[in-house]
Amino acid sequence: MIPKLNYVKVPGVPQQFAIGPVEVRPATVLAPMAGVTDTVFRRMIRNQGGCGLIMTEFTSSHGVVNLRRARKPTRAFRYLYFEPEEHPISAQLFGSDPEVMADAARVCQDLGFDAVDINFGCPVNKVVKCNGGSGLLRDLPLVDRLLKSVRAAITIPLTMKFRAGWNDRELVHVSMARLAEENGLQAVALHPRTREQGYSGKSDWTRIAEVKAAVKIPVIGNGDIIVPEDAVRMVAETGCDAVMIGRTASSNPWIFRQIAEYVATGAYEIPPERARYEMMRTYYGMLADRDAPDAIGKMKQFATYFTHGVRNGSRLRAEIYKVCEVPAMLDLVDRFFEVELAAAPQ
């Protein structure tokens, strides 16, 4: 259950860092993930402890601006909804129109977010085709105009998350970080893969170190943190001020707490199967309580993330995909784990 490691404090992730006046403690960040980091998932992560800053799903700046005249709740409204216990929380926006982005940032400030983050990293075609996300890595003059426009529009901290470049021949990570610093941003986060890589291959952490050496504002490292040891190693190898974790948190919501445990004691708990059931049931229960229109879809999506490694998890996933109503889904999960936990070796 607990790895056999020495119970001594190890050098590791900083206890805190600051994004302007916003103190983030510890120096760990939940990455914005489309279709994942809604209010339910964010609160589930926050409740585990160990995560200093959480971020929304990346949200269209045009969609946010349209919130003002929408008569019914829109997708952007759902993306930007948050509960008081989620502070500190940052809203992430994407888009390529400086005026629209500035208006959207004002909306986020008015909603009570602690910071606004601009996405220059998303590699998805439909975003890139609109010159959003990592598509902007090929147009640094437009990046400059966007940053100037948004910085002038809000008083809360402004940050940005970006990739290293369009491909290995067009690396712009250092130039992007310097643009951020010159325009008054309070922190940057680098995912050191290129747009061409997508999520394949390996993150080149030396690029994080190059950004850290180039600017004085805080640098957040992102990419290939799978276990707590990786977070500690990233800080040691790059000098980054904080670490950001995305996809790992989907399948291991305990990762932030494990990092804190590892830094403090040199060891961390690997939750048993019962804890996976309790986490899954908690998440499903929170979705049910929220009565969101996409609750069933979220439950099926989370099952894909979270049941790998669970004994007979493939059978559970197959059954989950057939269910169309929330009460039936909750009953299915309860019955499955009741049987599996009873049969598990003690």
Side-chain angles (χ1 to χ4, degrees), residues 31-34 55-66 76 90-108 115-154 157-201 203-204 206-208 210-215 217 219-223 244 246:
M33 292 179 282
M55 302 182 75
T56 67
E57 301 178 62
F58 84 131
T59 307
S60 163
S61 54
H62 283 86
V64 173
V65 171
N66 290 336
S90 178
Q92 193 187 63
L93 302 174
F94 75 91
S96 58
D97 185 312
E99 290 185 11
V100 172
M101 189 77 85
D103 285 345
R106 290 189 194 98
V107 172
C108 293
V116 170
D117 185 83
I118 300 178
N119 181 298
F120 296 116
C122 179
V124 176
N125 282 331
K126 67 179 181 180
V127 174
V128 171
K129 280 194 303 184
C130 300
N131 207 26
S134 58
L136 285 158
L137 298 174
R138 297 175 295 179
D139 192 345
L140 296 196
L142 178 53
V143 170
D144 187 46
R145 294 198 298 276
L146 277 167
L147 297 181
K148 281 181 167 61
S149 182
V150 178
R151 181 65 283 172
I154 58 175
L158 176 63
T159 65
M160 71 184 199
K161 182 174 186 285
F162 58 104
R163 285 185 173 239
W166 185 255
N167 54 43
D168 287 335
R169 299 175 300 282
E170 302 173 85
L171 297 175
V172 295
H173 52 292
V174 171
S175 297
M176 286 285 289
R178 286 174 174 158
L179 275 177
E181 187 170 55
E182 290 165 5
N183 281 292
L185 275 68
Q186 281 97 332
V188 295
L190 176 64
H191 181 132
R193 287 183 173 88
T194 64
R195 191 270 168 178
E196 194 174 79
Q197 275 184 278
Y199 295 100
S200 65
S203 290
D204 186 348
T206 63
R207 295 166 180 170
I208 300 173
E210 289 166 357
V211 166
K212 177 61 183 171
V215 297
I217 57 177
V219 174
I220 304 165
N222 176 224
M244 176 181 283

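Positions are given from 1, in the same order as the sequence printed here.
- Of all the heavy atoms in Pro192 and Ala164, the pair that sits closest is O-CB, 3.5 Å.
- Atom CD of Gln92 is separated from atom OG of Ser61 by 11.5 Å, given to the nearest 0.5 angstrom.
- Annotation: salt bridge (Lys or Arg N to Asp or Glu O under 4.0 Å) contacts involving residues 170-195, sequence neighbours excluded, comprise Arg193-Asp224.
- Side-chain contact check for Thr194 and Asn167: no donor-acceptor pair (N or O, by modelled atom type) lies under 3.5 Å.
- What you find for Thr56 and Pro32 is that their closest heavy atoms are O-CB, 3.0 Å.
- The salt bridge (Lys or Arg N to Asp or Glu O under 4.0 Å) contacts involving residues 142-154 comprise Asp144-Lys148, where partners must be two or more places apart or lie in separate chains.
- Counting only distance, with no hydrogens or angles, the side chain of Arg163 and the backbone of Gly133 share no donor-acceptor pair below 3.5 Å.
- Listed here is the closest heavy atom pair of Ala177 and Met160: N-CE, 4.3 Å.
- When each of Val219, Leu190, Val188 is checked for a side chain to side chain contact (heavy atoms under 4.5 Å, CB included) with Lys212, only Val219 meets the rule.
- Here the side chain of Thr159 pairs no donor or acceptor atom with the backbone of Gln186 at under 3.5 angstrom.
- Judged as a side chain to side chain donor-acceptor pair (under 3.5 Å), the pairs with a partner in residues 95-104 (not counting sequence neighbours) are, in order, Asp103-Arg106.
- Looking at Asp117, its side chain never comes within 3.5 Å of a backbone N or O of Ala91 through a donor-acceptor pair.
- Using a 4.5 Å heavy-atom cutoff, the side chains of Glu196 and Asp168 are not in contact.
- Looking at residues two or more places apart in sequence or on another chain, you find no side chain to side chain donor-acceptor pair (under 3.5 Å) involving Ser90.
- Remark: Ala31 pairs with Met244 by the side chain to side chain contact (heavy atoms under 4.5 Å, CB included) rule, at least two apart or across chains.
- We find the NZ-CD1 distance between Lys161 and Ile118 to be 14.0 Å, quoted to the nearest 0.5 Å.
- Taking every heavy atom of both residues into account, Leu93 and Val116 meet most closely at CD1-CG1, 3.9 Å.
- Annotation: the span from Leu158 atom CG to Leu185 atom CG amounts to 4.0 Å, rounded to 0.5 Å.
- A search for ring-ring contact (aromatic ring centres under 6.0 Å, His included) contacts involving Phe94 returns Phe58, not counting sequence neighbours.
- Judged by distance alone, with hydrogens and angles left aside, the side-chain atoms of Ser149 form no donor-acceptor pair with the main-chain N or O of Leu146 at under 3.5 Å.
- Between atom CD1 of residue Ile208 and atom CG of residue Asn222 there is a gap of 7.5 Å, rounded to the nearest 0.5 Å.
- Distance check, rounded to the nearest 0.5 Å: NE2 of His173 to NE2 of His191 gives 13.0 Å.
- Annotation: side chain of Pro98 is in contact with side chain of Leu142 (closest heavy-atom distance under 4.5 Å).
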| message | Could you go through Leu147 and Phe120, starting from their C-alpha distance and side-chain angles, then the distance that decides it, and tell me whether this counts as side-chain contact (heavy atoms from CB on, under 4.5 Å)? | response | CA-CA 11 Å; Leu147 297 181; Phe120 296 116; 4.0 Å; yes
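- The shortest non-hydrogen separation linking Gly95 to Leu136 is O-CD1, 3.4 Å.
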